[in-house]
Amino acid sequence: VPSLLRLLFCGLFVGSHAMTVNTDTNALPFPWDKIRLPETVKPQHYDLLIHPNLTSLTFTGVVQILIEVEQDTRAIILHSKNLQISKAQLLGSRHPQDLQTSEFEAYEQIALFSDGFTFEKGNHVVHLEFYANLSDSFHGFYKGRYTTNSGEVRMMASTQFEPTHARAAFPCFDEPAFKANFTIRVRRESRHISISNMPKLRTVEMADGLLEDQFDTTVKMSTYLVAFIISDLQSISKKSQHGVEISVYTVPEKISQAEYALNTAVTLLDFYDDYFDIPYPLPKHDLAAIPDFQSGAMENWGLSTYRESGLLFDPEKSSSSDKLGITKVIAHELAHQWFGNLVTMQWWNDLWLNEGFAKFMEYVSVNITHPELQVDDYFLEKCFTAMSVDSLTSSHPISTPVENPAEISEMFDDVSYRKGACILNMLRDFLTPEAFKYGIIHYLKTHSYQNTVNAHLWESLTNICTSDELDSGRLKLDGFCSKSRAESPASKWFMEDSVDVQAIMDTWTLQEGFPLITVEVKGQEVTLKQDTSSFLWQVPLTYITSHSSAVQRFLLKSEKDVLYLPKKVDWIKFNVDLRGYYIVHYKSGGWDALINQLQQNHSVFSSNDRASLIHDIFQLVSIEKIPLDKALNLSLYLSKESEIMPVTQGFNELVPLYKLMEKRNMEELENQLKGHLVKLFKTLIDRQSWSDDGSVSERMLRNYLLLFACIRRYPSCISTATRLFQQWKESDGKMWLPTDVSLVVYTEGARTDEGWDFLLEKYKRSVSPSEKWIIKAALSYSPLAHKLQWLLERTIEGEIIKTQDLPSLVISVSKNPKGFKLAWDFLKTSLLAVETPIDPKIRLLKTDQNQMQCVESQTLSHTMAVLTQDSHCGEVCHSLCCCHLDHF
């Protein structure tokens, strides 16, 4: 009896969660009760046929999966979501055996079984036929469309499978560790083409007049990297130095904007091939600009996909920030071909091994291949952004346990991407760039076509000096593999004992937040202390002093330690160039000495050091370690500043002060502070020309400053922008405007109904993604509330402004002082009431609207990012452009 009771209890428990295809009341419960698939059945090869119908917007498919069963089982469990399985069979040497299917919708799983049958240990082939509608969202196998210049609407179908959406296109083992080979065939009409991960081997004409494209078999890879597109896209191609055929696909009318991306991809793929010392393993790589695409980009192996604004460059209309953004996003996706594709995290809790590395390699690669873009100037901002998120109580460790698709989606955030990149940059500085490089090469070579966890990376970076696979002579770099580095009396960077990379890095990946280091100097003695209210880190400290610009190093392993200087100093500055992921508080006159140096000669510090001093002191104000007047005193030096990162960081810290007054109706104080900011940067503003002259950083700073000046109603800026807009309007938009100031001109023009309407017409007609992005930003910056409301409503419809742009538009309007309430009301009412492609996440918000009542603009921005899983999108926001108004 007890055994029967236990069996009944188990059946009730599993059955309450399970949904079966068979409606028979005697049907057995679903035979698996875990959200992760069994590890005893592994796919080896998929033979997949996909046939989309772009008229009925449906698709059918057939998949044969070669599986390895490691122990006898009564059922095969795999993933399937919103697919109708019409046939399931086990293929054998004699004749196919029909299989029954049972579905567990809550876990997006199906079971294949047959009464009285056991799948014995060994290899088997299962055959599944299925059909479904093309998805209305931007995930899975989804429908898209675009409108030609003549007004014709054309349909296409494309894929976005990361993280858990391959299961919505075909039944599969949809977890990253279940790597397999894929042989893909696509049936289509003759007016379309198809592309996939691998080159097309042949096209076969079918009896019904359809064509079947048959693609070569892929390398071993995870399901989320599978991709196929059916469309009428056109391409241009070029071979890399290593013989890889690289192509860029766009809609026909935009093919002229593909050349920059093609040349950039060739350069970067060759760079990675050499840098990693591992040949790119596929014969081709396609980059496709998809008209309907919500993420910023996706690294599908051999077929990376992008928003049009993230790939297409118009030499006449794209700005310097467009070029920088496009180059970085291509660098990111191509880095994934090694980090993520060749070597993949075991599970989504270590997503940062993919995304943190790709974000980090953006800067390493572009700094070398495109030095003119000055990409190093912008790495600092990534770390500041990561810290702003990581300081919240809602933050999480870089490596965090996750199970279900909703939890997995939440991992695609600034912690995985930006903090991951920042701690890798810190580790690179700690180990030296060369040693770090050889360590990651060892990691990639050791684990190619496999899956890894954090410990595998730390092991590769710890054992680089003893690796048999590398030339030991290459690693006698600055004495790295000897003990001589520990002999400096002012350094505890490398101790007598060996460096334990895992012990150090576990403190950065397994706990959230970052350390506050308090520094107190007394004579030659420097006392260092961690704020250990929550966690303890092992911190690779760097510092310079008033007597030496040579970077010194100290590994702080404990809560408190002391280092000794060779002589007394006027000041000491830690975290040189923000190489570390921590903030610093200088006690006992330390801040006063640094402020005095900034005011006397700020160029003693690098521009990154100046930006980090601004960042740190205002963070200390927010936690009441320092009075506001001291931070404001430091900021006064900005009247002499001319570099982009200190200037923009100054805005980042000072503007929220008057934003706070703005929300509290403290008008007099608000206007005083706004006037002070204009005065503080007046000299720098007056030096700006309305041109595209100068370096990339100078051009981006010009755009930033002039937009600030016009929004703050600085007379000379208003008059020039108004004049240029009027001339441009009178020419019916044909007059050329310098690309780096066009946003400023359009924003000024959008202040009137007539100017706003004219810009909207130009937006409708433009075929340049860069120009459309800038015009859309200007429209959202307008003070005309009725226009902002109209803009939000049109985005829901998706006719004039694509629904994929909804998150960025709501965020942009929310940062407009005239639009915050509109954006919030829109999010609460219109958006929650309308079925949209992001509806599944919106429904989650409906369950807790009370919690959404007291959101601020930053929270609204975060909310939209979470709703859409739009982490990549932020990286395509053309660097500073998309967040301008939030600063002003």
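A donor-acceptor pair is defined here as one N or O able to donate and one able to accept, closer than 3.5 Å; no such pair exists between the side chain of D376 and the backbone of F379. Checked by atom type and distance alone, the side chain of S814 never pairs as donor or acceptor with a backbone atom of F820 at under 3.5 Å. Side chain of N367 to main chain of V375: no donor-acceptor pair is present (N/O by atom type, distance under 3.5 Å, no hydrogens or angles). The backbone N or O of G513 lies less than 3.5 Å from no partner atom in the side chain of S395, so there is not a single donor-acceptor pair. The closest donor-acceptor contact from the side chain of T507 to the backbone of Q538 lies under 3.5 Å. Between the side chain of E308 and the backbone N or O of F293, no donor-acceptor pair lies under 3.5 Å. With T400 contributing its side chain and P397 its backbone, the two residues share a donor-acceptor pair below 3.5 Å. Under the 3.5 Å distance criterion, the side-chain polar atoms of Q109 are matched with a main-chain donor or acceptor of K34. Remark: side-chain polar atoms of N404 are not paired, donor with acceptor, to backbone N or O of I35 under 3.5 angstrom. No side-chain donor-acceptor contact under 3.5 Å links K802 to the backbone of D292.
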Practice problem: Kindly indicate, with the supporting measurements, whether the criterion side chain to side chain donor-acceptor pair (under 3.5 Å) is fulfilled by Q619 and D616. | Solution: CA-CA 5 Å; Q619 303 316 302; D616 284 8; over 6 Å; no
Hey, mind stepping through T344 and N451 against side chain to side chain donor-acceptor pair (under 3.5 Å) and telling me if it holds?
CA-CA 5 Å; T344 312; N451 297 82; 4.6 Å; no
* To do: Start with the C-alpha gap between T452 and L457, add the side-chain angles, then the distance that decides, and say whether side-chain contact (heavy atoms from CB on, under 4.5 Å) holds.
  => CA-CA 8 Å; T452 59; L457 177 60; over 6 Å; no
Exercise for the section: Determine, stepwise, if the pair F182 / L225 fulfils side-chain contact (heavy atoms from CB on, under 4.5 Å). Expected result: CA-CA 11 Å; F182 296 81; L225 296 170; over 6 Å; no
Self-check item: Stepwise side chain to side chain donor-acceptor pair (under 3.5 Å) test for D390 and Y581
Solution: CA-CA 11 Å; D390 205 18; Y581 188 73; 3.1 Å; yes
- Check against side-chain contact (heavy atoms from CB on, under 4.5 Å), F826 and V813: CA-CA 11 Å; F826 173 79; V813 172; over 6 Å; no
For this session: Kindly indicate, with the supporting measurements, whether the criterion side-chain contact (heavy atoms from CB on, under 4.5 Å) is fulfilled by V453 and H456.
Result: CA-CA 6 Å; V453 296; H456 292 123; 3.5 Å; yes
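Residues satisfying the side chain to side chain contact (heavy atoms under 4.5 Å, CB included) test with D174, not counting sequence neighbours, are H79, T164, A166, R167, C172, T223. Under the rule for a ring-ring contact (aromatic ring centres under 6.0 Å, His included), Y582 has no partner lying at least two apart in sequence or in another chain. Remark: N133 pairs with T58 by the side chain to side chain contact (heavy atoms under 4.5 Å, CB included) rule, at least two apart or across chains. In terms of the salt bridge (charged side-chain N to carboxylate O under 4.0 Å, His left out) criterion, K437 has no residue partners (sequence neighbours excluded). Judged as a salt bridge (charged side-chain N to carboxylate O under 4.0 Å, His left out), and not counting sequence neighbours, R428 has no contacts. Take D506 and apply the salt bridge (charged side-chain N to carboxylate O under 4.0 Å, His left out) test, not counting sequence neighbours, and it matches no residue.
Contact record, D350 with S399: OD1-OG, 2.6 Å, taken as the closest heavy-atom pair. Residues L351 and M345 share a closest heavy-atom pair of CA-SD, 4.1 Å. For the residue pair A331 and V366, the shortest heavy atom distance occurs at CB-CG2, 3.7 Å. Contact between F173 and I65 at its shortest, heavy atoms only, is CE1-CG2, 4.2 Å.
The closest side-chain heavy-atom distance from N341 to M221 is not below 4.5 Å. Considering only heavy atoms from C-beta on, T218 stays 4.5 Å or farther from W301 through its side chain. The side-chain heavy atoms of T264 and I326, taken from C-beta on, include no pair separated by under 4.5 Å. W508 has its side chain out of reach of I398: every pair of non-hydrogen atoms, C-beta onward, lies at least 4.5 Å apart. Side-chain contact between H285 and L334 is present, with at least one heavy-atom pair separated by less than 4.5 Å. Residues Y378 and T648 have side chains not in contact (no heavy-atom distance under 4.5 Å, counting atoms from C-beta outward). With contacts defined as side-chain heavy-atom distances shorter than 4.5 Å, the pair M387/H615 qualifies. Side-chain contact between L342 and Y449 is present, with heavy atoms from C-beta onward closer than 4.5 Å.
To the nearest 0.5 Å, atom CE of residue M505 and atom CD1 of residue I423 are 4.0 Å apart. In this structure, L461 CG and I440 CD1 are separated by 8.0 Å, a value rounded to the nearest 0.5 Å. With rounding to the nearest 0.5 angstrom, the OG atom of S135 is 9.0 Å from the OH atom of Y142. Rounding to the nearest 0.5 angstrom, the gap separating the CD atom in Q337 from the CG atom in L268 is 11.5 Å.
Relative orientation of the F436 and F360 rings is perpendicular, given thresholds of 30° and 60° on the angle between their planes. Using cut-offs of 30° and 60° on the angle between ring planes, the pair Y272 and W338 is tilted. Ring orientation note: the planes of F339 and Y443 are close to parallel, at an angle under 30° on the 30°/60° scale.
Remark: R36 qualifies as a cation-pi partner of W347 under the 6.0 Å distance and 45° angle criteria applied to the six-membered ring.
Using a 4.0 Å cut-off between charged nitrogen and carboxylate oxygen, R418 and E381 count as a salt-bridge pair. Taking a cutoff of 4.0 Å between a charged side-chain nitrogen and a carboxylate oxygen, K143 and D136 qualify as a salt bridge.
No side-chain donor from either of N425 and Y363 sits under 3.5 Å from a side-chain acceptor of the other.
Of the residues listed (F178, W348, F161), the one engaging Y224 in a ring-ring contact (aromatic ring centres under 6.0 Å, His included) is W348, and it is the only one.
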